[in-house]
Structures are given as structure tokens and as C-alpha cells.
**Q** 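I'd like to ask you about the structure that follows.
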Amino acid sequence: MKKIFNIEVKETIKDTFEIEADNLKEAEYLAEKGYYDAKYVLDNVNAEYRKLSFADINSPHYMSDDRMREIFSELLDYVYEHTENQKDYYQTLKYIIGLEENEITELGIDVERILDAESPIEQNEINLEDDIMVMDEFIRACVSLDHIDVFKKFDIEMKNENEYNLFLDYDTKNKTCKLIIAEKWDDMNITYEYVSNDSENKMLIKKLEDYCKSTINMSLEELMEEVDLEFADQEY
């Protein structure tokens with residue numbers, strides 16, 4: 001006697017179209033409009049993208065998309081619980097599981113992208129520019145990208161369509177410095193952090209101290225005292 005099976009059929013047909021737009025939001029709108037207007041007709045799609053898969057949904061081996069997403073979520077939780085710190089978590093996601101930077105961001109994973117340097121930060125690589133910013137207990141200065149190759153130094157993949165900025169952040173409470181690499185494309189942002197070692201920290205503090213004196217004629221301590229007075233006046 002023949003048995004009856006429930007079969008789930010999935011067919012994937014994919015092709016790539018170019019859209020001219022000012023930003024990601026506009027591109028999404030134009031793509032959606034073009035789709036509903038039947039602008040994108042997949043007549044000559046590459047054969048390698050034509051896939052037909054079958055699944056018996058009553059089979060004990062069947063796994064739905066929802067179940068796969070649930071397992072993936074549990075896997076991420078397990079990785080988080082069994083990594084030593086944020087740096088270990090980030091590197092496990094990227095180099096062991098194989099997630100791309102944009103995938104980490106789009107999945108909504110809150111992770112500090114803490115980097116290692118391929119070689120020590122040299123004094124001649126750090127040249128500060130623009131205004132100094134004070135944020136709570138941090139002082140931030142912009143670092144020129146003309147003297148340091150951040151992609152080679154920190155083993156970051158450069159994407160030509162993205163914008164990059166480098167900042168020096170000084171924690172006035174703990175007297176420590178970090179280099180912050182900000183990567184931006186459309187309306188998405190990624191930040192990477194490099195925590196300086198003891199010798200680099202001393203060099204970076206001196207760089208920032210000298211820059212403060214040359215631009216605003218103040219030491220770091222005097223700058224923080226002035227900011228504290230301004231906050232006190234506002235509260236009063």
C-alpha cells in the first residue's frame with residue numbers, strides 16, 4: 001500500500017540588478033517599487049542560482065526555518081556564555097562561526113569589536129587634528145588617517161564604499177587611552193576599539209596633552225577642570 005507524504009517545495013531564483021540612489025533607504029524604496037511594477041524579470045538568471053529542494057514535513061529529520069533560527073539564536077547565547085570576554089566573543093563570531101561584520105550588525109548582536117594590533121602603535125603614526133571633544137569623563141580627539149594604515153595595522157577589511165574615521169579616546173578617570181575606528185555606510189555604523197598597552201598609553205596621553213596645549217593653550221587637567229566648572233554652573 002502506497003503511503004502519503006507531505007512535501008515542502010522551495011524554489012530559489014536569484015539575480016542582481018543595479019539601482020542608482022542617494023542612500024540605502026531610497027534604494028530599498030526603489031527596489032520594492034520596481035518589484036511590484038514587474039520591472040525585475042528573471043528571464044536569463046544564471047542556472048547555478050536555480051535550486052529546487054524537497055522536504056517531507058512529517059519526516060523526523062525535517063527542520064523548519066523557524067527551528068533553524070531558534071537553534072542559531074541558542075548557539076549565539078551559548079557562545080556568549082562560554083567566551084571569556086567581549087574580545088573573545090567577537091573573534092569567535094567572526095573567525096570561528098564566520099559571521100561578516102555587516103551580518104553581526106544586521107543580526108542586532110551587541111558586541112564590542114576589540115582589536116589586536118599587528119605591531120605596536122608608533123608615535124609618528126598618531127597625528128591629531130580638528131577640535132577636541134569632551135564627553136562625560138572622556139576626551140576625544142580626531143586622528144589623521146594620513147599617517148597610519150588602520151586596515152593593515154588592525155587587520156580590518158577595507159570596503160571602498162564605506163567611510164572611516166579614527167579617534168583617540170582618553171578616560172580621564174582611569175588615565176587610559178583607546179583608539180576608536182568608526183566605519184559608516186548609509187545609515188549603519190560599526191565601531192572597533194583598540195586598547196593601548198602601557199607604553200602606548202603614555203605616548204598617546206603625551207600626544208593629547210601636547211595637542212591641547214598647542215590648540216587651546218590648556219593642559220588636560222585644566223581642560224577637565226573648566227568643563228567641571230561649566231557643568232557645575234549649569235546645575236546651579
**Q** With a 3.5 Å distance limit and no angle check, can you tell me whether E70 reaches the backbone of R67 through a side-chain donor-acceptor pair?
**A** no

**Q** Hey, mind stepping through F154 and Y194 against ring-ring contact (aromatic ring centres under 6.0 Å, His included) and telling me if it holds?
**A** CA-CA 8 Å; F154 301 108; Y194 173 73; 5.2 Å; yes

**Q** Please check if the side chain of E222 supplies one atom and the backbone of S219 the other of a donor-acceptor pair under 3.5 Å.
**A**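 Answer holds: yes.
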
**Q** Are the side chain of E183 and the backbone of Y164 linked by a donor-acceptor contact shorter than 3.5 Å?
**A**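 It does not hold such a pair.
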
**Q** Among all residues two or more places apart in sequence or in another chain, which pass the ring pair (Phe, Tyr, Trp, His ring centres under 6.0 Å) test with Y78?
**A**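 Ring pair (Phe, Tyr, Trp, His ring centres under 6.0 Å) check on Y78 returns H82.
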
**Q** Go through the steps for I121 and M203 under the test side-chain contact (heavy atoms from CB on, under 4.5 Å), then give the verdict.
**A** CA-CA 9 Å; I121 308 299; M203 179 270 292; 4.0 Å; yes

**Q** Around E118, counting heavy atoms of other residues, nucleotides and ligands shown, do more than 12 lie under 6.0 Å from its CD?
**A** yes

**Q** Same hydrophobic cluster for I216 and Y211, using side-chain heavy-atom links shorter than 4.5 Å among ILVMFWY?
**A**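 Same cluster: I216 reaches Y211 through Ile, Leu, Val, Met, Phe, Trp or Tyr contacts under 4.5 Å.
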
**Q** Any sub-3.5 Å donor-acceptor pair from N127's side-chain atoms to N124's backbone N or O?
**A** yes

**Q** Would you say L208 ends up clustered with M218 if hydrophobic residues are merged whenever their side chains have heavy atoms under 4.5 Å apart, either directly or through other cluster members?
**A** yes

**Q** Can any side-chain N or O of T83 pair as donor or acceptor with the backbone N or O of Y80 at less than 3.5 Å?
**A**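 Yes; judged by distance alone, with no hydrogens or angles, the pair exists.
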
**Q** Determine whether M63 and I71 make a side-chain contact, defined as any pair of heavy atoms from C-beta on separated by less than 4.5 Å.
**A**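 M63 vs I71: side chains touch.
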
**Q** Under the side-chain contact (heavy atoms from CB on, under 4.5 Å) rule, what do Q91 and I114 come out as? Steps first, then yes or no, please.
**A** CA-CA 9 Å; Q91 294 187 336; I114 302 175; over 6 Å; no

**Q** Could you check E209 against K206 for salt bridge (charged side-chain N to carboxylate O under 4.0 Å, His left out), going step by step and ending with a plain yes or no?
**A** CA-CA 5 Å; E209 181 83 39; K206 186 176 187 309; over 6 Å; no

**Q** For residues 171-182, which residue pairs qualify under side chain to side chain donor-acceptor pair (under 3.5 Å), counting only residues two or more places apart or in two chains?
**A** D171-N174, K178-E193

**Q** Is the CZ atom of F151 crowded by more than 12 outside heavy atoms at less than 6.0 Å?
**A**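 More than 12 within 6.0 Å, yes.
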
**Q** Under 4.0 Å between a Lys/Arg side-chain N and an Asp/Glu carboxylate O for E101 and K159?
**A** no

**Q** Atom CD1 of I180 and atom SG of C142: how far apart are they, to the nearest 0.5 Å?
**A**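 Result: 12.5 Å between the selected atoms.
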
**Q** If you draw a 6.0 Å radius around CG in N85, do more than 12 non-hydrogen atoms from other residues or ligands fall strictly inside?
**A** yes

**Q** Would you say that more than 12 heavy atoms from the other residues, nucleotides or ligands in this model lie under 6.0 Å from the CG of D198, or not?
**A** no

**Q** Is any side-chain heavy atom of E103 less than 4.5 Å from a side-chain heavy atom of I109?
**A** no

**Q** Provide the closest heavy-atom pair for L128 versus K207 in the form atom of the first, atom of the second, distance.
**A**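 Looks like CD1-O, 3.8 Å.
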
**Q** Identify, with sequence neighbours excluded, every residue that meets salt bridge (charged side-chain N to carboxylate O under 4.0 Å, His left out) alongside K152.
**A**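 If we apply the salt bridge (charged side-chain N to carboxylate O under 4.0 Å, His left out) test to K152, skipping adjacent residues, there are no hits.
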
**Q** Is it possible for you to say whether L168 and I156 belong to one hydrophobic cluster, with membership spreading through side-chain heavy-atom contacts below 4.5 Å?
**A**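 Result: yes, single cluster for both.
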
**Q** Do I139 and V195 land in one hydrophobic cluster if side-chain heavy atoms of ILVMFWY residues count as linked below 4.5 Å?
**A** no

**Q** Looking only at heavy atoms, which two atoms of E125 and P120 are closest? And how far apart?
**A** OE1-O, 3.9 Å

**Q** Short question: side chain of E200, backbone of N197 - any donor-acceptor pair under 3.5 Å?
**A**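 Side chain of E200 to backbone of N197: a pair is present.
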
**Q** Any link between L99 and L75 through a network of hydrophobic side chains (Ile, Leu, Val, Met, Phe, Trp, Tyr) touching at under 4.5 Å?
**A** yes

**Q** Is it true that atom CD of E84 has more than 12 heavy atoms of other residues, nucleotides or ligands lying nearer than 6.0 Å?
**A** no

**Q** Can you list the steps and then say if L179 with L166 is a side-chain contact (heavy atoms from CB on, under 4.5 Å)?
**A** CA-CA 7 Å; L179 291 177; L166 179 61; 4.2 Å; yes

**Q** Hey, what do you get for CG (N102) to OG1 (T105), rounding to the nearest 0.5 Å?
**A**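 Result: 7.0 Å between the selected atoms.
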
**Q** Check the surroundings of atom CG in D131: do more than 12 heavy atoms from other residues, nucleotides or ligands lie under 6.0 Å from it?
**A**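 Counting neighbours around CG of D131, 12 or fewer heavy atoms of other residues, nucleotides or ligands fall under 6.0 Å, so no.
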
**Q** Would you say that I181 contacts L115 through its side chain, given a criterion of any heavy-atom pair below 4.5 Å between the two side chains?
**A**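 The answer is yes, as the side chains (C-beta and beyond) meet within the 4.5 Å cut-off.
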
**Q** Can you tell me how far apart OH (Y170) and CE (M224) are? Round to the nearest 0.5 Å.
**A**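 With rounding to 0.5 Å, OH (Y170) is 9.0 Å from CE (M224).
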
**Q** Can you give me the closest heavy-atom contact between A21 and A27, atom names plus distance?
**A**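 Between these two residues, the closest heavy atoms are CB-N, 3.6 Å.
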
**Q** Which pair of non-hydrogen atoms, one from V111 and one from Y90, has the smallest distance, and what is that distance?
**A** CG2-CB, 3.6 Å

**Q** Search all heavy atoms of C177 against all heavy atoms of N201 and return the closest pair with its distance.
**A** N-OD1, 2.6 Å

**Q** Could you check whether D65 pairs with R69 (Lys NZ or Arg NE/NH1/NH2 to Asp/Glu carboxylate O, under 4.0 Å)?
**A**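 Here D65 does not pair with R69 in a salt bridge, since their nearest N and O are not under 4.0 Å apart.
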
**Q** When rounded to the nearest 0.5 angstrom, what distance separates CD in Q123 from CG in L204?
**A** 9.5 Å

**Q** Using only atom types and a distance under 3.5 Å, with no angle test, would you say the side chain of E26 pairs donor to acceptor with the backbone of D22?
**A**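 Yes: the side chain of E26 pairs with the backbone of D22.
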
**Q** Apply the test side-chain contact (heavy atoms from CB on, under 4.5 Å) to residues R113 and I190: give CA-CA distance (whole Å), side-chain angles for both, the deciding distance (0.1 Å), then the verdict.
**A** CA-CA 8 Å; R113 295 168 170 83; I190 289 177; 3.4 Å; yes

**Q** What distance do F138 atom CZ and M133 atom CE have between them, rounded to the nearest 0.5 Å?
**A** 13.5 Å

**Q** What heavy-atom pair brings D169 and R140 nearest, and what distance separates the two atoms?
**A** OD1-NE, 2.7 Å

**Q** Could you check if a side-chain atom of E74 sits within less than 4.5 angstrom of a side-chain atom of L76, using non-hydrogen atoms only?
**A**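 Of all side-chain heavy-atom pairs linking L76 with E74, none is under 4.5 Å.
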
**Q** Measure the spacing between CD of E100 and CD of E106 and express it to the nearest 0.5 Å.
**A** 11.0 Å

